[in-house]
Amino acid sequence: MAWWRRSEYARTVVFVLLLTVGAWELAVRMFGIRTFLLPPPSLVAMEILNNPGFYAFQSLYTIYITAIGFALAVIFGIGLAIAIVSSKFLDRTLYTLLIASNSVPKVALAPIFVIWLGTGGEPKVAIAALIAVFPIVINTTLGMRAVDPDMIDLARSARAPNHDVMLKIRLPNALPSIFAGAKVGISFALIGAIVGEFVAGERGLGYVILTSQATFNSPRAFAAIVLLSVIGTIMFFAVELCERWFLPWHVSQRNARAAL
Amino acid sequence: MQTGPEPMQHERSAPPTPYVSVSAVSKSYDSGKNAALVLDDITLDIAPGEFVAIVGPSGCGKSTLLKCIAGLQPVSAGRIMVKDELVLAPPDNMAIVFQRDVLLDWRTVLDNVLLMVEFRGLKRKDFVARAIQLLTTYGLGDYVNRYPWELSGGMRQRAAICRALIVDPELLLMDEPFGALDAMTRDDLNVELERLWFATRKTLLFITHGIDEAVYLADRVVVMARNPGRIAEIIDIDIPRPRSLSVRQTPEFGEYTTEIRRLFASLGVVKAE
Ligand SMILES: Nc1ncnc2c1ncn2[C@@H]1O[C@H](COP(=O)(O)OP(=O)(O)OP(=O)(O)O)[C@@H](O)[C@H]1O
Ligand SMILES: [Mg+2]
């Protein structure tokens, strides 16, 4: 049953993608759109297939930056949220500051990070982590707060120490929110990595896009964009897969489990 | 071990020192001057091993009183002693069964029961066998490794009771534990609870909306009125134990329930029959 449903879903996705690509190819050919404005998908595919080593290397670099940035965002995000929920002082100071600075367009800080951290991988990881950390902290904090008061009373009635309340009640209770934040965070981390590569660097898909723009090499820019969307999608589903492993008990996962 | 099942003493001429002693307790949630009084001058003693039920209309402060006794809410005036110690925080040797079962979705039934062991800083492995045995007694033997959401409402409430019993508390506080269940399941659990209390003689405070349930289970029924929450009457229930569900058909049972219903009618809580 689940297998059939999943394959049905996969079939729909593949169908929609093929339709889009087909329409794109057809439109370019029919209207004679010039290649440097919008290359047809066949040309983009050829571009990738002709330089597999190059694209593999650039993709892996961007994935690497994104993954490290995201991992840091998860670690710091959850850590900060625990600190905020544990301490009234941090709640008033740090959390207020976080909420206030959330509206600052953080990509604007990318050039500053280059000044601080140089042109290597560090500023890119930093900017990826910085944008990804916000949805994770905020969601985790909200999730840890939204605990049934009876659950806290239950723990208090058994004279549970504070760290038990945090680790055995608040944190697991927040897991669904943490994953909601992480799904936004992983996309943000990828954006951060690309912006970092735009600003400074000589590697990564962001860098590839930037340099091909300078030479009007549109097939190459589009190849990088296509690869980026594939990477973004795979990373998103990787987080969702983790969610399924971690949260077999959550309402959103129950049907999946029951059907297995 | 606890004293065996002896015949009930009907005369309470020389009550032992109370296990729970509530004296002149008032409570309001806000500290302002014109804060609404939720509990007004409550005085109630519960003897060791006694089964006391509280009935009262919604909002009369039953849960609040339970939380005060449990040390989960501070009192505004008066004092509460448990085992001759002033209650400022949850006392040791106490367990609560809530109206909603409050099982953790991310833990199996067994792990939910053992949670109380972990909270108390005891060793899990010393209690696994006991937990499984308890769950088996309560008909959950096949469900120890299931998640709460795979259980029916009655099974979940049974699991919650097992969780309260795992550390063998002396004082058991139950806040409308069967309120959300259908009549048949409720009857079942009532019988089980009466049996449990009869065998272990825990000091038990049981809150309920159900007059029949209160009379069937308790040694004494505390009838509360609201606005502000106060004790209207305390009624001794002299029905011999162990009780079976059929005592509900006896005339004396009917007299008790009629008396309580009349009391509620005179308090304006329910319309007179
Ligand atoms: N945490 C709280 N903060 C403020 N007011 C509260 C709080 N809890 C309860 N109250 C108020 O105290 C009063 C008594 O509530 P309580 O929950 O003790 O009633 P109850 O007798 O248990 O009712 P029910 O039978 O519906 O459970 C109510 O008016 C309620 O609004
Ligand atoms: Mg209540």
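Every chain is numbered from 1, with letters handed out A, B, ... down the list of sequences.
Both the backbone and the side chain of A:Asp150 come within contact range of chain B, with heavy atoms under 4.5 Å apart. Of the two parts of A:Ile169, the backbone and the side chain both hold a non-hydrogen atom closer than 4.5 Å to a non-hydrogen atom of chain B. Proximity to chain A is absent for every atom of B:Pro148, based on heavy atoms less than 4.5 angstrom apart. Both the backbone and the side chain of B:Glu118 come within less than 4.5 Å of a heavy atom in chain A. Contacts between B:Leu173 and chain A at a heavy-atom distance below 4.5 Å are absent for every atom of the residue.
Note on A:Ala158, A:Pro161, A:Ala155: by heavy-atom pairs under 4.5 Å with chain B, the leading option is A:Ala158. Your options are B:Gln99, B:Arg163, B:Arg107, and the one with the most heavy-atom pairs under 4.5 Å with chain A is B:Arg163. By number of non-hydrogen pairs under 4.5 angstrom with chain A, the leading residue of B:Ile96, B:Asp92, B:Leu115, B:Val167 is B:Asp92.
Note that CZ of A:Arg156 is 7.5 Å distant from CD of B:Gln73, once rounded to the nearest 0.5 Å. A distance of 7.0 Å separates CG in A:Leu154 from CG in B:Leu104, rounded to the nearest 0.5 Å. In this structure, CZ in B:Phe98 is found 10.5 Å from CE in A:Met151, a value given to the nearest 0.5 Å.
Counting non-hydrogen atoms of other residues, nucleotides and ligands closer than 6.0 Å to CG of A:Asn162 gives a total of 12 or fewer. For B:Tyr143, the OH atom counts as loosely surrounded, since its 6.0 Å shell holds 12 or fewer non-hydrogen atoms of other residues, nucleotides or ligands.
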